[in-house]
Amino acid sequence: MSQGITKQSEDFSRWYTDVVLQAQLADYSPVKGSMVIRPYGYGLWENMRDGLDRRFKETGHVNAYFPLLIPESFMKKEAEHVEGFSPELAVVTHAGGKKLEEPLVIRPTSETIIWDMYRKWIQSHRDLPVLINQWANVVRWEMRTRLFLRTTEFLWQEGHTAHATAEEAEAETRQMLDVYADFCETEMAMPVIKGIKTDHEKFAGAVRTYCIEAMMGDTKGLQAGTSHNLGQNFAKAFDVTYQAEDGERKHVYATSWGVTTRFIGALLMVHGDDDGMIMPPRLAPIQTVIVPIYKTDEERTATVEEAHRVAGILKGGGIRVHVDDRDNFKPGWKYAEWELKGVPLRLEIGPKDLEKRSVFSARRDKREKKGLPVEGIVASVQERLETIQTALFERAVKFREENTHRVENWNHFKSVLEKKGGFILAHWDGTTETEVAIQEETKATIRCIPLDAGPEDLEPGECVFSGKPSKRRVIFAKGY
RNA sequence: CGGGGCGUGGCGCAGCUCGGUAGCGCACCUGCUUUGGGAGCAGGGGGCCGCUGGUUCGAAUCCAGUCGCCCCGACCA
């Protein structure tokens with residue numbers, strides 16, 4: 001089943017596909033561009049979902065579910081929105097054996113149907129704010145697809161909120177960006193840069209789009225999540241108004257924000273190595289796997305029994321543990337398989353360990369092994385898992401720093417991009433023309449205008465491409 | 001849509017140039033020996049060769065068409 005994977009250094013894309021398939025995160029489905037998320041990949045998604053959902057609830061949001069099918073006419077109500085999404089819509093034209101009066105669009109996102117409902121639900125300032133999230137699937141007919149990173153159908157969460165004032169909407173937009181960043185860094189051990197999208201890159205229908213940008217293991221950028229301040233665009237398009245305290249009718253202010261199963265691809269590309277996936281302990285479906293080692297039947301009975309006993313203790317301590325007691329694989333084979341799947345900590349229990357009343361542990365992120373006494377095993381395993389979680393984050397931060405470059409002129413820009421890759425902090429004149437020209441010449445895009453830039457990046461300068469005045473530096477990179 | 005590649009047991013492939021009734025590795029089943037870094041030997045099961053049509057005594061192989069997938073470019077979370 002797992003017959004070796006392409007090395008990252010040979011071909012990063014193939015490495016990625018090999019790991020996704022062989023670690024059984026996902027598999028191709030019969031329909032082009034769509035995929036099956038297998039139980040191991042879905043287990044990871046469930047853990048992500050739980051971590052995000054908890055944060056949404058803590059910030060006052062509630063979940064609901066809106067339908068998959070949207071009247072085609074809804075998509076046309078907001079001008080930029082139609083333009084942005086029409087090329088990638090899947091449309092149902094026939095149903096029940098007949099042609100439909102009005103075609104139904106399979107949601108690429110739910111703004112339109114949600115705002116159509118909000119019109120009914122919002123009348124008074126007392127109805128605000130509305131803070132609803134939904135977990136759903138969406139369909140976007142992409143030309144080129146890649147497992148988890150860009151598929152025709154994907155799973156995500158989309159928050160849609162309505163507020164009385166522009167200030168509240170902006171605060172919500174920023175708050176959810178912070179929630180995402182916290183989730184990425186705390187749970188995924190993936191450092192992200194919070195930023196604003198340029199007008200060229202912002203969401204179709206948004207006033208302003210914030211994003212979190214992460215660096216993958218090949219130094220390319222990946223947009224990991226977005227939070228949009230939609231202003232009154234959708235409220236006006238769907239005529240959603242409320243009566244303020246002073247009796248005046250006003251349009252509401254909106255936000256929307258989402259993250260997707262792309263997170264799974266991001267996680268793999270941030271932490272993975274030539275041996276496969278590396279799961280951060282907080283999200284790992286299996287945090288520790290126990291492999292019994294034995295020669296004789298008696299040893300087998302004893303070590304397997306001890307493995308289950310230790311597993312029981314760990315489970316009692318809230319650790320997600322799995323005992324690999326399959327007799328048809330040798331230990332070495334099992335090690336390789338669990339490494340491919342990225343289980344952060346492996347425990348081995350053999351005859352020697354039984355004697356010593358200990359287990360042997362091996363970290364996935366480093367070649368570091370050591371014995372742990374069974375006495376106090378919960379605490380020592382928890383401690384090791386936390387160490388791994390921190391180490392993964394620190395390693396990713398270091399990698400990003402090593403691959404972030406400041407450049408001052410165009411030749412330097414091109415040579416750094418070509419020879420080193422990574423994130424480039426450079427001056428930009430703020431125009432879409434320059435942004436597009438740079439993209440056409442180098443394939444690099446402005447990933448974002450960072451929010452938490454240091455003073456050295458906020459000094460004025462000259463645009464790296466046009467030489468025109470620039471207020472500050474932005475991040476350029478090749479992206480997914 | 002343009003360029004490239006590929007469809008042959010579950011998976012990965014060979015066979016196709018030069019038609020003759022399908023093979024290899026892994027996986028699977030049985031048995032014995034093994035088991036602290038991807039075990040060994042022996043025996044065994046499984047495939048209308050993507051689909052359709054044509055040429056031929058005979059097609060995985062030649063011809064025409066068709067469908068699908070993957071990779072690279074134009075769109076995007």
Side-chain angles (χ1 to χ4, degrees), chain A residues 1-6 11 13-14 16-18 21-22 24 27-35 83-89 108-109 137-158 180 197 200-204 209 211-214 221-228 256-266 275-276 291-297 299-300 303-304 324-340 346-354 356 359-362 367 369 371 439-440 443 445 447 479-480:
Chain A
M1 122 180 155
S2 53
Q3 304 298 328
I5 50 180
T6 307
D11 185 338
S13 290
R14 269 191 66 189
Y16 174 82
T17 306
D18 286 350
L21 295 175
Q22 291 185 31
Q24 300 183 347
D27 203 353
Y28 293 109
S29 86
V31 176
K32 179 181 167 67
S34 63
M35 62 181 238
E83 201 186 324
F85 281 105
S86 55
E88 51 190 74
L89 293 181
T109 178
N137 58 337
V138 288
V139 167
R140 298 182 185 177
W141 218 258
E142 300 292 349
M143 299 186 209
R144 237 188 105 207
T145 57
R146 295 198 59 198
L147 294 165
F148 288 116
L149 300 177
R150 187 171 304 109
T151 46
T152 298
E153 177 184 359
F154 56 90
L155 303 184
W156 77 346
Q157 105 350 261
E158 47 180 325
Y180 288 152
K197 282 287 179 193
H200 183 61
E201 297 264 336
K202 77 176 170 63
F203 176 74
T209 289
C211 63
I212 45 174
E213 188 74 19
L222 181 102
Q223 180 177 304
T226 48
S227 184
H228 313 290
S256 70
W257 27 274
V259 296
T260 76
T261 37
R262 173 179 260 198
F263 265 170
I264 294 173
D275 294 323
V291 179
I293 313 287
Y294 47 83
K295 284 193 173 70
T296 63
D297 277 350
E299 283 176 354
R300 182 179 175 213
T303 55
V304 167
D324 187 354
D325 57 6
R326 292 174 294 178
D327 191 35
N328 53 337
F329 294 105
K330 288 182 68 178
W333 197 96
K334 294 178 181 176
Y335 298 169
E337 186 185 24
W338 292 113
E339 281 163 7
L340 170 63
R346 180 179 74 239
L347 301 179
E348 301 165 20
I349 298 181
K352 294 176 205 165
D353 305 295
L354 286 182
K356 289 187 288 184
V359 300
F360 197 67
S361 75
R367 293 187 188 283
K369 302 181 178 184
Q439 183 175 356
E440 279 173 4
K443 304 233 172 79
T445 52
R447 304 308 300 173
Y480 278 94

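Here is the naming used below: chain letters follow the sequence lines, and residue numbers restart at 1 for every chain. Just so it is clear, the model here is predicted, and its values are computed rather than measured.
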- Query: Where each pair must be Watson-Crick or G-U wobble with both distances under 3.5 Å, what dot-bracket representation of RNA chain B is obtained, with crossing pairs in [ ] and other-strand partners as |?
  - Reply: ((((((((.[[[[.)....(..]]]].((((((.....)))))).....[[[[[..)....]]]]])))))))....
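- A gap of 15 Å separates the P atoms of U21(B) and C49(B), to the nearest Å.
- Across all strands, Glu339(A) comes closer than 4.0 Å to base atoms (heavy-atom distances).
- Within 4.0 Å of Lys369(A), counting heavy atoms only, lies at least one base atom of the nucleic acid.
- With hydrogens and angles left out, the side-chain atoms of Ser34(A) and Ser29(A) include a donor and acceptor closer than 3.5 Å.
- When the C1' atom is used for both G31(B) and G37(B), the distance is 27 Å, rounded to whole Å.
- No hydrogens or angles were tested; on distance alone, a donor-acceptor pair under 3.5 Å links the side chain of Arg346(A) to the base of G37(B).
- Taking atom C1' in both G73(B) and G54(B), one finds a spacing of 37 Å when rounded to whole Å.
- Note on ring orientation: taking the six-membered ring where Trp is involved, the planes of Phe329(A) and Trp333(A) are parallel (angle under 30°, cut-offs 30° and 60°).
- Here G36(B) is the nucleotide among G36(B), C70(B), G38(B) with the atom lying nearest to any side-chain atom of Glu348(A).
- Arg140(A) contributes no side-chain N or O that forms a donor-acceptor pair with the base of C76(B) under 3.5 Å.
- Sequence order on RNA chain B of the closest nucleotides to Phe154(A) and Met143(A) puts Met143(A) first from the 5' end.
- In terms of position on RNA chain B, the residue among Phe148(A) and Ala362(A) whose nearest nucleotide sits closer to the 5' end is Ala362(A).
- The separation of U66(B) from G3(B), taken at their P atoms, amounts to 15 Å, rounded to a whole angstrom.
- C6(B) and G12(B) are spaced 13 Å apart, taking the C1' atom of each and rounding to whole Å.
- Taking the six-membered ring where tryptophan is involved, the planes of Tyr180(A) and Trp257(A) are perpendicular, since the angle between them exceeds 60° and thus also 30°.
- On a pure distance criterion of 3.5 Å, no polar donor-acceptor pair joins the side chain of Lys330(A) and the base of G40(B).
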